[in-house]
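Per chain, numbering begins at 1; letters A, B, ... match sequence-line order. Computed from a predicted model, the values in this text were never measured in an experiment.
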There are 2 protein chains.
Amino acid sequence: MQQRSEETRSKILSSAIKLFSTHGYNAASVDDLCRDAGISKGAFYHHFKTKQDLFLALLDGWLQTIDNAIEASKELTAPETFMRITEAFPYIFETAGEGLPMFLEFWLQASRDEKIWQASIKPYHRYHKHFTALIKKGVDEGSFVEVDPELTSRMIVSTAMGLLLQSLMDPKGAKWEKVARESTAMLIDNLLKK
Amino acid sequence: MQQRSEETRSKILSSAIKLFSTHGYNAASVDDLCRDAGISKGAFYHHFKTKQDLFLALLDGWLQTIDNAIEASKELTAPETFMRITEAFPYIFETAGEGLPMFLEFWLQASRDEKIWQASIKPYHRYHKHFTALIKKGVDEGSFVEVDPELTSRMIVSTAMGLLLQSLMDPKGAKWEKVARESTAMLIDNLLKK
DNA sequence: GAATAAAAACCGACTGGTCGGTTTGTTTTT
DNA sequence: AAAAACAAACCGACCAGTCGGTTTTTATTC
């Protein structure tokens with residue numbers, strides 16, 4: 001079918017991830033992207049309307065993986081889900097160094113660009129609701145103490161984001177994976193019924 | 001003396017804050033800055049060696065205000081200090097919308113630019129140590145339960161940063177000031193001796 | 001299944017414009 | 001008058017996006 005087309009598109013996508021994370025959205029020019037992907041500028045603009053369009057495609061793909069992860073943990077109990085997340089910490093912090101700057105870039109773009117904000121805010125709300133529901137489920141199941149699910153959700157997400165940010169700022173300043181594990185333990189300890 | 005010179009410098013500085021926050025470091029050109037400040041490019045490059053030099057000057061000034069705030073609360077007890085911080089929440093969240101994007105920009109630049117990273121990481125370590133010492137003081141004073149000050153410090157800072165980030169992402173998604181107050185209450189409640 | 005037509009994918013030189021920084025010259029301060 | 005502060009024209013590099021033309025793939029006809 002359009003096998004070559006698919007290949008080109010994915011070459012652009014992975015070059016974009018690579019260059020956007022290392023040099024940033026602005027610093028990585030379309031020419032750079034094309035050179036790295038080994039394609040021409042014409043091919044690039046055949047697949048993406050603009051540079052921002054590519055950016056949005058990247059965002060989409062990234063949100064998709066989160067949706068998949070959520071889907072995969074749908075039938076677990078609340079404490080089990082938290083355990084799953086904890087188990088993913090080593091992988092998360094290992095890959096944070098490459099992926100996080102781009103994540104920050106998304107944030108920055110979203111705070112200034114209406115189109116990107118719209119594309120980000122909906123999934124953000126979806127994830128927040130999912131997480132809140134998860135905590136509420138834990139409370140209803142009787143495994144968590146009576147907390148405000150909404151508030152607790154905001155807190156947990158905050159802690160996670162803050163830890164990731166700090167680990168980006170100062171990767172060698174602490175054993176971040178350990179800090180994350182102990183923080184989670186502390187949070188869960190306060191959440192679990194004794 | 002060099003009164004006019006001082007004036008020009010501060011005009012550049014405040015225009016930089018204004019334009020960097022609204023449009024971003026890259027998008028705000030030196031020409032834009034000069035136009036906004038009402039000066040010429042010659043004047044700009046008389047005061048700052050490069051655009052990045054201006055950026056670093058901004059960072060310096062901002063770190064100075066933090067140092068001042070810390071200095072001003074040096075003789076308070078640990079719980080009193082936390083109270084002070086809580087009282088500052090309304091102001092912090094009010095001004096977050098303008099200042100935060102620039103803060104994020106600092107972060108992003110720091111993660112990619114050795115010079116800016118060096119200028120950021122030292123104060124970051126200083127603040128972390130100060131905060132850790134504050135918690136240790138609270139434990140020693142007997143007002144806090146026995147926690148790991150290092151870990152607790154990382155957690156509290158994470159929560160604060162995460163809340164600020166979320167409020168940037170979705171300013172109207174929650175009453176962030178209220179979430180912050182309740183989160184603090186929750187954290188302190190777990191910290192204070194009963 | 002070979003020939004042909006149509007469509008999709010791709011190429012790369014080119015454009016209009018921007019940007020960080022420099023240079024040269026003028027005004028102001030001391 | 002010397003030095004510091006500022007103005008304005010200028011420079012070369014760069015960059016997102018375009019466009020006319022070419023190659024490859026797919027669909028159609030015989």
Next on the checklist: Show me the pairs that pass ring-ring contact (aromatic ring centres under 6.0 Å, His included) and involve residues 155-187 of chain B, at least two apart or across chains.
Outcome noted: none
Next on the checklist: Using the side-chain contact (heavy atoms from CB on, under 4.5 Å) criterion, which residues pair with H125(A)? Sequence neighbours excluded.
Outcome noted: I121(A), D170(B)
Checklist outcome for this item: Result for 5'-nearest mapping on DNA chain D, choosing between D31(B) and N26(A), is D31(B)
Checklist entry - Between T8(B) and dC6(D), does any side-chain N or O lie under 4.0 Å from OP1 or OP2? => result yes
Checklist outcome for this item: Between CG of L33(A) and C1' of dG17(D) the distance, given in whole Å, is 14 Å
Next on the checklist: Tell me every residue that passes ring-ring contact (aromatic ring centres under 6.0 Å, His included) with F103(B), counting only those two or more places apart in sequence or in another chain.
Outcome noted: W62(B), W107(B)
Atom pairs and distances, donor-acceptor, side-chain atoms in residues 50-57 of chain B, under 3.5 Å, two or more places apart:
| unit_1 | atom_1 | unit_2 | atom_2 | d |
| --- | --- | --- | --- | --- |
| T50(B) | OG1 | Q52(B) | N | 3.3 |
| T50(B) | OG1 | D53(B) | N | 3.0 |
| K51(B) | NZ | Y25(B) | O | 2.6 |
| K51(B) | NZ | A28(B) | O | 2.9 |
| D53(B) | OD2 | K49(B) | N | 3.2 |

Item to check | Length of the line joining E6(B):CD and dT29(C):C1', which is rounded to integer Å | outcome: 15 Å
Checklist entry - Between dA16(D) atom P and D32(A) atom CG, what is the distance in whole Å? => result 8 Å
Checklist entry - Looking at DNA chain D, which of residues 35-57 of chain A put a heavy atom within less than 4.0 Å of it? => result K41(A), Y45(A), T50(A), K51(A)
Checklist entry - Quick one: is S29(A) getting a side-chain N or O under 4.0 Å of the dC14(D) phosphate, OP1 or OP2? => result no
Item to check | Transitive ILVMFWY side-chain link I70(B) to L76(B), under 4.5 Å | outcome: no
Show which side-chain atoms of residues 81-88 of chain B pair as donor or acceptor with protein atoms under 3.5 Å away, not counting sequence neighbours.
| unit_1 | atom_1 | unit_2 | atom_2 | d |
| --- | --- | --- | --- | --- |
| T81(B) | OG1 | T77(B) | O | 2.9 |
| T86(B) | OG1 | F82(B) | O | 2.7 |

